[in-house]
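The next block holds one structure in the form of structure tokens; read it before the comments.
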Amino acid sequence: MSTGVKSYAAVDLGASSGRVMVGRVGPDSLDLTEVHRFPNRPVRVPEGLRWDVLGLYAGVLDGLREAGRVDSVGIDSWAVDYGLLDADGALLGNPVHYRDGRTDGVAEKVWAAVPAGELYAATGLQYAPFNTLYQLTAAHGSAQLGQARRLLLIPDLLSYWLTGEQGTELTNASTTQLFDPRTRDWAHGVAERLGIDLGLFAPLRRPGDPAGVLRPEVLEETGLTGPVPVTAVGSHDTASAVAAVPADGERFAYICTGTWSLAGLELDAPVLTEESRAANFTNELGLDGTVRYLRNIMGLWLLQECVRAWGEPDLGALLLAAARVPALRSVVDAGDAAFLAPGRMPERIAEACRDSGQPVPDSPAEVTRCILDSLALAHRKAVEDAQRLAGRSADVVHIVGGGTRNALLCQLTADACGLPVVSGPTEAAALGNVLVQARAHGLAGDLAGMRRLLTRTQLLTRYEPRGGTQRWQAAQARLARG
């Protein structure tokens, strides 16, 4: 194993912003620096909601220019969305945003061909209306899909532009609902019954596999000196974030917080029971053959949308005011698809409380407290359900990602779960991205070794549960009745 320190550029694209981070890794050191951050603003055009993928790529190039000399580049992003290429390898239009309405009502068409129970048994994916399978079904017969000769998921598309090489990274492939988590290959039977051409996908590659080198034009634009390899990482940002959970052993739950909350367990095999499907749990692939068994929860999107509607007030002051609001006065179902679309979020939360016969929050502080209590309650339910369905108990909950900055949410989650919460690292996806690159180039060790390095080098905060969980149980029962 090399004893030197190496530098890795992690391109980490979230639903609202992108960033390029540089991680410097040695045998007993791990340091992460943000060198460039840029907005990720979807654009509504006449045909619907689209990602500005050219703007994102420009942000990546700017970030690599700021990064300076690096030993490798890795890219992770959100899941399910994709770009279509023509026979010449040119992009056929901006990728459709997963919050676009084109998949409304599509699931029923899919289930008519492949019943929901069969679909889950074959792919292990929870129902989400924007899964790639539903997007492709919605696009069936369109001129764009008819012209397409290649489909690349978002991180693979950017990697292709950097290197000229095409691939489909495994952890992100497992989010498409066209993948079998048992065989770790495409679900050919499902695709055939739905008329989806799996030949559109580039060959599979795994975290740590080489993904090409930066093209001469990219080197010239960024000022980097080649060759600079691009390394496949856990290109679904949640896969990278879970790899960076600083856990010791197996008895832990995790919550990756940000625009979404993804709460669950790390397992050795998928859970494909009908009970698991009914509980809306998903089985996605992680590092080293692990399965990310988790539930998607709407997450801090609820608060982000409210803050936007209120004209961007000071978040710190808002959270202090929310902490003074009585606990569990009103709660909503943080997984409800009614909150998926942007716009009017404070009014929609108020309407949900009114419809369920609860007090209606009428100030920003009250709405904020409702959101945070509701998220903590959803975290509790997901952690409870995951343990029951997987037959695996957890002694601690690790919270990673942007939500670690929200101390009130971390404390409420500890209270709700009745378990200690270890919060951090904040930039978990970027750290997981960096560590997979480092491991591929002779540093960082196995997954357990990566986590030991994180524990030694990253700032972590521990929250002990306060009081009993009876009031959370009562709130959960109240929500179930509503």
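Every value quoted in this text rests on a predicted model; they were computed, and no experiment measured them.
The aromatic ring centres of Trp51 and Tyr82 sit 6.0 Å or more apart.
Cys370 approaches Pro361 most closely through the heavy-atom pair CB-CG, 4.5 Å. Minimum interatomic distance between Gly234 and Asp76 (heavy atoms only, all atoms of both residues): O-CB, 3.7 Å. Of all non-hydrogen atoms in Ala322 and Arg369, the two that sit nearest each other are O-NH1, 3.2 Å. For Ala173 against Thr168, the heavy-atom pair with the smallest separation is CB-CG2, 3.9 Å.
The shortest distance between side-chain heavy atoms of Gln473 and Gln476 does not fall below 4.5 Å. Taking the side chain as every heavy atom from C-beta outward, Thr413 and Cys417 approach each other to under 4.5 Å. Residues Val307 and Gln304 form no side-chain contact, since every pair of their non-hydrogen atoms from C-beta on lies 4.5 Å or further apart. Side-chain contact between Asn283 and Thr123: absent, with no pair of heavy atoms (C-beta onward) separated by less than 4.5 Å. The side-chain heavy atoms of Leu419 and Pro465, taken from C-beta on, include no pair separated by under 4.5 Å. Taking 4.5 Å as the limit, every side-chain heavy atom of Ser16 sits out of range of all side-chain heavy atoms of Pro39. Taking 4.5 Å as the limit, every side-chain heavy atom of Tyr120 sits out of range of all side-chain heavy atoms of Thr282.
Screening residues 264-306 for ring-ring contact (aromatic ring centres under 6.0 Å, His included) gives Phe281-Tyr293 as the qualifying pairs, with residues at least two apart or on separate chains. Among residues at least two apart or in separate chains, salt bridge (charged side-chain N to carboxylate O under 4.0 Å, His left out) pairs with a member in residues 102-119 are Glu118-Arg193. Residue pairs meeting the salt bridge (charged side-chain N to carboxylate O under 4.0 Å, His left out) criterion with at least one member in residues 400-421, sequence neighbours excluded: Arg405-Glu427, Asp415-Arg466.
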Task: side chain to side chain contact (heavy atoms under 4.5 Å, CB included) assessment of Val291 paired with Val271 - done: CA-CA 9 Å; Val291 172; Val271 180; over 6 Å; no
TODO: Go through Ser423 and Thr461 one step at a time and tell me if the side chain to side chain donor-acceptor pair (under 3.5 Å) criterion holds.
DONE: CA-CA 5 Å; Ser423 167; Thr461 305; 5.3 Å; no
Open item on the list: Determine whether Leu194 and Val114 satisfy the following criterion, side chain to side chain contact (heavy atoms under 4.5 Å, CB included), listing intermediate values before the conclusion.
Closed with: CA-CA 8 Å; Leu194 293 171; Val114 184; 4.0 Å; yes
Open item on the list: As a quick check of understanding, evaluate side chain to side chain donor-acceptor pair (under 3.5 Å) for Glu275 and Thr273, giving each step before the final call.
Closed with: CA-CA 5 Å; Glu275 191 179 12; Thr273 61; 5.2 Å; no
Open item on the list: If you apply the rule salt bridge (Lys or Arg N to Asp or Glu O under 4.0 Å), what do you find for Arg392 with Glu266, and how did you get there?
Closed with: CA-CA 10 Å; Arg392 165 83 65 82; Glu266 184 176 76; over 6 Å; no
Open item on the list: Pair Ser261, His379 - check side chain to side chain contact (heavy atoms under 4.5 Å, CB included), show working.
Closed with: CA-CA 8 Å; Ser261 280; His379 293 166; 3.0 Å; yes
TODO: Before giving the answer on side chain to side chain contact (heavy atoms under 4.5 Å, CB included), spell out for Leu125 and Glu284 the whole-Å C-alpha distance, their side-chain angles and the decisive distance to 0.1 Å.
DONE: CA-CA 7 Å; Leu125 260 280; Glu284 299 167 0; 4.1 Å; yes
In a table with atom names and distances, give each donor-acceptor pair under 3.5 Å that connects a side chain of residues 326-337 to protein atoms at least two apart or in another chain.
{"unit_1": "Ser330", "atom_1": "OG", "unit_2": "Pro359", "atom_2": "O", "d": "2.4"}
{"unit_1": "Asp333", "atom_1": "OD1", "unit_2": "Gly335", "atom_2": "N", "d": "2.9"}
{"unit_1": "Asp336", "atom_1": "OD1", "unit_2": "Ala338", "atom_2": "N", "d": "2.8"}

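Counting only distance, with no hydrogens or angles, the side chain of Asn131 and the backbone of Tyr134 share no donor-acceptor pair below 3.5 Å. Judged by distance alone, the side chain of Thr231 and the main-chain N or O of Val436 form no donor-acceptor pair under 3.5 Å. Listed for the Asn280 side chain is a donor-acceptor partner under 3.5 Å among the backbone atoms of Tyr127. Remark: side-chain polar atoms of Ser356 are paired, donor with acceptor, to backbone N or O of Ala352 under 3.5 angstrom. Not a single donor-acceptor pair under 3.5 Å links the side chain of Ser159 to the backbone N or O of Pro155. Distance alone, capped at 3.5 Å, places no donor-acceptor pair between the Arg206 side chain and the Glu169 backbone. Judged purely by atom type and a 3.5 angstrom limit, Arg439 has no side-chain atom pairing as donor or acceptor with the backbone of Ala444. A donor-acceptor distance shorter than 3.5 angstrom exists from the side chain of Thr132 to the backbone of Val80, with no hydrogens or angles considered.
In this structure, the side chain to side chain contact (heavy atoms under 4.5 Å, CB included) partners of Leu320, at least two apart in sequence or on a different chain, are Arg324. Taking the side chain to side chain donor-acceptor pair (under 3.5 Å) definition, one finds that Glu464 meets it with Arg462, sequence neighbours left out. Asp52 meets the side chain to side chain contact (heavy atoms under 4.5 Å, CB included) test with Val43, Leu54; sequence neighbours excluded. Evaluation of the side chain to side chain contact (heavy atoms under 4.5 Å, CB included) rule for Ala448 yields Asp446, Arg452 as partners, not counting sequence neighbours. By the salt bridge (charged side-chain N to carboxylate O under 4.0 Å, His left out) test, Asp237 pairs with no residue at all, sequence neighbours left out. For Ala253, the side chain to side chain contact (heavy atoms under 4.5 Å, CB included) partners are Leu265, Val383, Ala394, Val397, not counting sequence neighbours. Partners of Arg19 by salt bridge (charged side-chain N to carboxylate O under 4.0 Å, His left out), not counting sequence neighbours, listed by chain and number: Asp12. Shown here are the side chain to side chain donor-acceptor pair (under 3.5 Å) partners of Arg354, two or more places apart in sequence or in another chain: there are none.
Counting non-hydrogen atoms of neighbouring residues, nucleotides and ligands closer than 6.0 angstrom, the NE2 atom of His188 exceeds 12 such neighbours. The 12-atom threshold is exceeded at CZ of Arg37, counting heavy atoms of other residues, nucleotides or ligands nearer than 6.0 Å. Within 6.0 Å of CD in Glu274 there are more than 12 heavy atoms belonging to other residues, nucleotides or ligands.
By the 30° and 60° cut-offs, the orientation of the rings of Tyr98 relative to Phe130 is tilted. The aromatic rings of Phe179 and Trp186 sit perpendicular, their planes meeting at an angle over 60°, well past the 30° parallel limit.
A salt bridge does not link Asp180 with Arg184: every distance from a Lys NZ or Arg NE/NH1/NH2 to an Asp or Glu carboxylate oxygen is 4.0 Å or more. Salt-bridge check for Arg50 with Asp81: failed, with every basic side-chain N at 4.0 Å or more from each acidic carboxylate O. Here Arg308 pairs with Glu305 in a salt bridge; the nearest charged N to carboxylate O distance falls below 4.0 Å. Salt-bridge formation is detected for the pair Arg388/Asp385: a Lys NZ or Arg NE/NH1/NH2 atom is positioned less than 4.0 Å from an Asp or Glu carboxylate oxygen.
For the atom pair CG (Leu460) and OG1 (Thr426), the distance works out to 9.5 Å, reported to the nearest 0.5 Å.
For the residue pair Arg251 and Ser393, a side-chain donor N or O sits within less than 3.5 Å of a side-chain acceptor on the partner.
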